[in-house]
Amino acid sequence: MSKIEKNKEENPAAYLFHEGTNYRTYDYLGCHREGEMNIFRVWAPHAEKVYVAGSFNNWNPREYEAEKLTQGGLWECRIAGLSEYDSYKFVLQARDGRLIYKADPYAVHAETRPGTASKVYDISGYAWGDQKWMDNRKNTLLYHKPVNIYELHAGSWRMYPDGQPFSYRKLAQELIPYIKEMGYTHIELMPLGEYPYDKSWGYQVTGYFAPTSRYGTPKDFMYFVDACHQQNIGVLLDWVPAHFPKDECGLYQFDGEPCYEYQDPRKGEHPHWGTMVFDYGRTEVRSFLISSACNWLENYHIDGLRVDAVASMLYLDYGRQDGEWLPNKDGGKENLEAIEFLRLLNKFVSENFEGAVMIAEESTAFPKVTAPVEYDGLGFTFKWNMGWMNDTIRYMQTDPFFRKGIHNNLTFSMTYAFSEHYVLPLSHDEVVHGKGSLINKMPGEYNQKFANLRAYISYMFAHPGKKLTFMGQEFAQFAEWNEEKELDWLLLDYEMHRKYHAFSKALNDFYRRTPAMWEWDTGWEGFDWISCDNADQNIISFLRRDMAGNEVVVVCNFSSLTLENYFIGVPRRGKYTEIFTTDDTRFGGSGIRNGEVYAKLKPMHGKDYSVSLTLPPFSAIYLYKKATAPKKQAVESKKGKKPVKEPMCQTTSIQPSSKKAIRKVDKGETAIKAVPDSPKAIAKKVEQKAAIQKVDRGNTVLQTVENPPRAIQKAPKKGKK
């Protein structure tokens, strides 16, 4: 038997770790209790010697020496008589003789800053009560479900009067009823892996397996997630495999030399962030990172990870000038090792955590981010649509008189809306670093700012794609977000903020109970332009459709004018009912209503019929049209005639390339009829259009276009990272 085969047989966990395929390394490395002994294991390939020191031996650096287990640099130390919450660090003797004190990379608990030591802690034994949620999650396809995410920073959502943040358990007590009342489907927590620097907001991680102790213990965090699930609230978590800080206690030059990072600084350091880049080609680093992702999904029942700064992982020249980066083996700028790592990560998650989602914060035109790995994609479930966010915010910041000059900022996103599975984000990044709050981006005087924001958010909720908004946006906080203090809840004492809060709640409720707004987010079957080119009047109108054929007509007026007797084309005759308007007096509007309007046989915008509307300034309105009921027809049967239902033409073909008109002359008038399709026929098309959709492992995945949206690659400001 070869030495390799012997190692594989005698110590499979270590063998697979070095091979890069142990994705539950946390069960082996770190600190684990076995009987009366605590076993410490660490990877330090360049260390001459390794020790464990802590509060249990007055931090004597050489009392407990570790044994080297493998040539690849795994070390083990056994210590008896330790207690839970004892603090410890590894002491590594570098090849130059230095003693380096490091926190345990696999620690599950840590001291609260400014302390940086790891803590002895056993995460086993928590009694979960969310089995129903976890079982349902396995059978839930989020592509065809409402997803409305509330992003928050756990430490500054609410605070105690003395300025201390809520604990995980207090947060569960206060946040969950609020999320339920407001109607969000998920929360997304900014990074909670242990981090020393408050102003990094958790994006400079030192503990990839430990929920930050700022808010309590690991089991307190389990309680929080469990409580969310029992109230049918999904929990997403920001996760940061793109870089790590240079803190002395952390991963940086862990054993005195580059270990987790690339050796060459042209690959191993982000110059604009002052942080280090993981060596994605190193097998032990792959085991470490994928195990970290698995830890959150398995041990803490997290429903998905939003992977931060994916663009910085994909490109070797990200944030670097000419001469500051190394091309790949083919001479290109793509980081082939990072690409392979992301595919391994997403494939493992999809195969082992049914219903869990992986979301990419990816700001470039890199192709096939949400295509499956076996189709040469990265394998993410969703991607943040940064192009939509940048374009539409620029439009909304512009004075209404000049908006006609950038009208395409509203409409351009639909040229690529189905190239990936998108989340539309209005995240924390848009309300920091001098960018101002969302409402302060709106032009006009006080009331106009609110009206603009209501119209913008209503347009966002009608646009294809899942939704994400940052805390405070639901009541139009005027100040930029500050992680050192809680949100300005006192604004709810003011009428317009209170009414905007009511608007947010009503819109969330409408979104959740209206399948046309989310059921067909993945293709043209659920979307049809009515008018996208009325730049002079700052108006767009479109239609959303659910799988039963029910329709919501959306009309957005981003001008300062009230427009009366404004006609738009609609596909069917009969009654259209205004079921939501941002101009409702409950929300701070003027109260202009359309009520019920009836379509007339007056072709417009390529439709057979049209309706006349009154459009309030800075507004969005939704009109509802129920699917046509199928007619009953008598058919022969063995027992005689029996009426049965047959599907009627309820919708029309809506793929732009297939809109061929059939002209029909009737009593001297020419009517344009769209080629009809029944809902069943459309559903069949969805299954057959492999170029658009396909089902793989229970997930619907889009095959992306070769030329997705224009690149908007831009390095984030240093303050965040």
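For W201 and H428, the ring centers are positioned less than 6.0 Å apart. Under the 6.0 Å cut-off for aromatic ring centres, F580 and F587 qualify, their centroids lying closer than that. No close placement of the F418 and Y422 rings is indicated, their centers lying 6.0 Å or farther apart. Ring centroids of Y300 and F221 are separated by less than 6.0 Å, placing the two rings close together. Residues H421 and Y143 bring their aromatic ring centres within 6.0 Å. For W384 and F382, the gap between ring centers reaches or exceeds 6.0 Å. Between H497 and F450, the gap from one ring centroid to the other is short of 6.0 Å. A distance below 6.0 Å separates the ring centres of W481 and H153.
Counting non-hydrogen atoms of neighbouring residues, nucleotides and ligands closer than 6.0 angstrom, the CZ atom of F401 reaches no more than 12 such neighbours. Within a 6.0 Å radius of CD in E248, other residues, nucleotides and ligands contribute 12 heavy atoms or fewer. For CZ of R498, the number of neighbouring non-hydrogen atoms (other residues, nucleotides, ligands) closer than 6.0 Å is greater than 12.
Qualifying side chain to side chain contact (heavy atoms under 4.5 Å, CB included) partners for R586, counting only residues two or more places apart in sequence or in other chains: D584. Shown here are the side chain to side chain donor-acceptor pair (under 3.5 Å) partners of H109, two or more places apart in sequence or in another chain: there are none.
Between W489 and Y178, the ring planes are perpendicular. Angles over 60° get that label, and only those under 30° would be called parallel. Between W133 and H229, the ring planes are parallel. Angles under 30° get that label, and only those over 60° would be called perpendicular.
Side-chain contact, S437 with E480: no donor N or O sits under 3.5 Å from an acceptor N or O. D226 and H301 form no side-chain donor-acceptor contact under 3.5 Å, judged by distance and modelled atom types alone. Between the side chains of N534 and S531, no donor N or O sits under 3.5 Å from an acceptor N or O. Y208 and W296 share no donor-acceptor pair across their side chains, judged by distance under 3.5 Å alone. Using a 3.5 Å distance cut-off with no hydrogens or angles, the side chains of N557 and S559 do pair a donor with an acceptor. Under 3.5 Å, the side chains of S590 and D583 contain a donor-acceptor pair of N or O atoms.
Only one option out of Y622, W518, F503, Y624 pairs with F510 in a ring-ring contact (aromatic ring centres under 6.0 Å, His included); it is Y622.
Salt-bridge check for R214 with E194: passed, with a basic side-chain N closer than 4.0 Å to an acidic carboxylate O. A salt bridge is absent between K170 and D220; no separation between the charged side-chain nitrogens and carboxylate oxygens falls under 4.0 Å.
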Give the table of side-chain donor-acceptor pairs shorter than 3.5 Å for residues 231-242, with sequence neighbours excluded, one pair per line with atom names and distance.
{"residue": "D238", "atom": "OD2", "partner": "Y203", "partner atom": "OH", "Å": "2.5"}
{"residue": "D238", "atom": "OD2", "partner": "R306", "partner atom": "NH1", "Å": "3.3"}
{"residue": "W239", "atom": "NE1", "partner": "S292", "partner atom": "OG", "Å": "3.0"}

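Nearest heavy atoms, H270 versus S312: CE1-CB, 3.7 Å.
Cation-pi geometry between R158 and F166 is not met: the NZ or CZ atom fails to fall both under 6.0 Å from the ring centre and inside 45° of the normal.
A distance of 6.5 Å separates CG of L345 from CZ of F380, quoted to the nearest 0.5 Å. Note: K499 NZ to L492 CG = 14.0 Å, rounded to the nearest 0.5 Å.
Checked by atom type and distance alone, the side chain of D247 never pairs as donor or acceptor with a backbone atom of G250 at under 3.5 Å.
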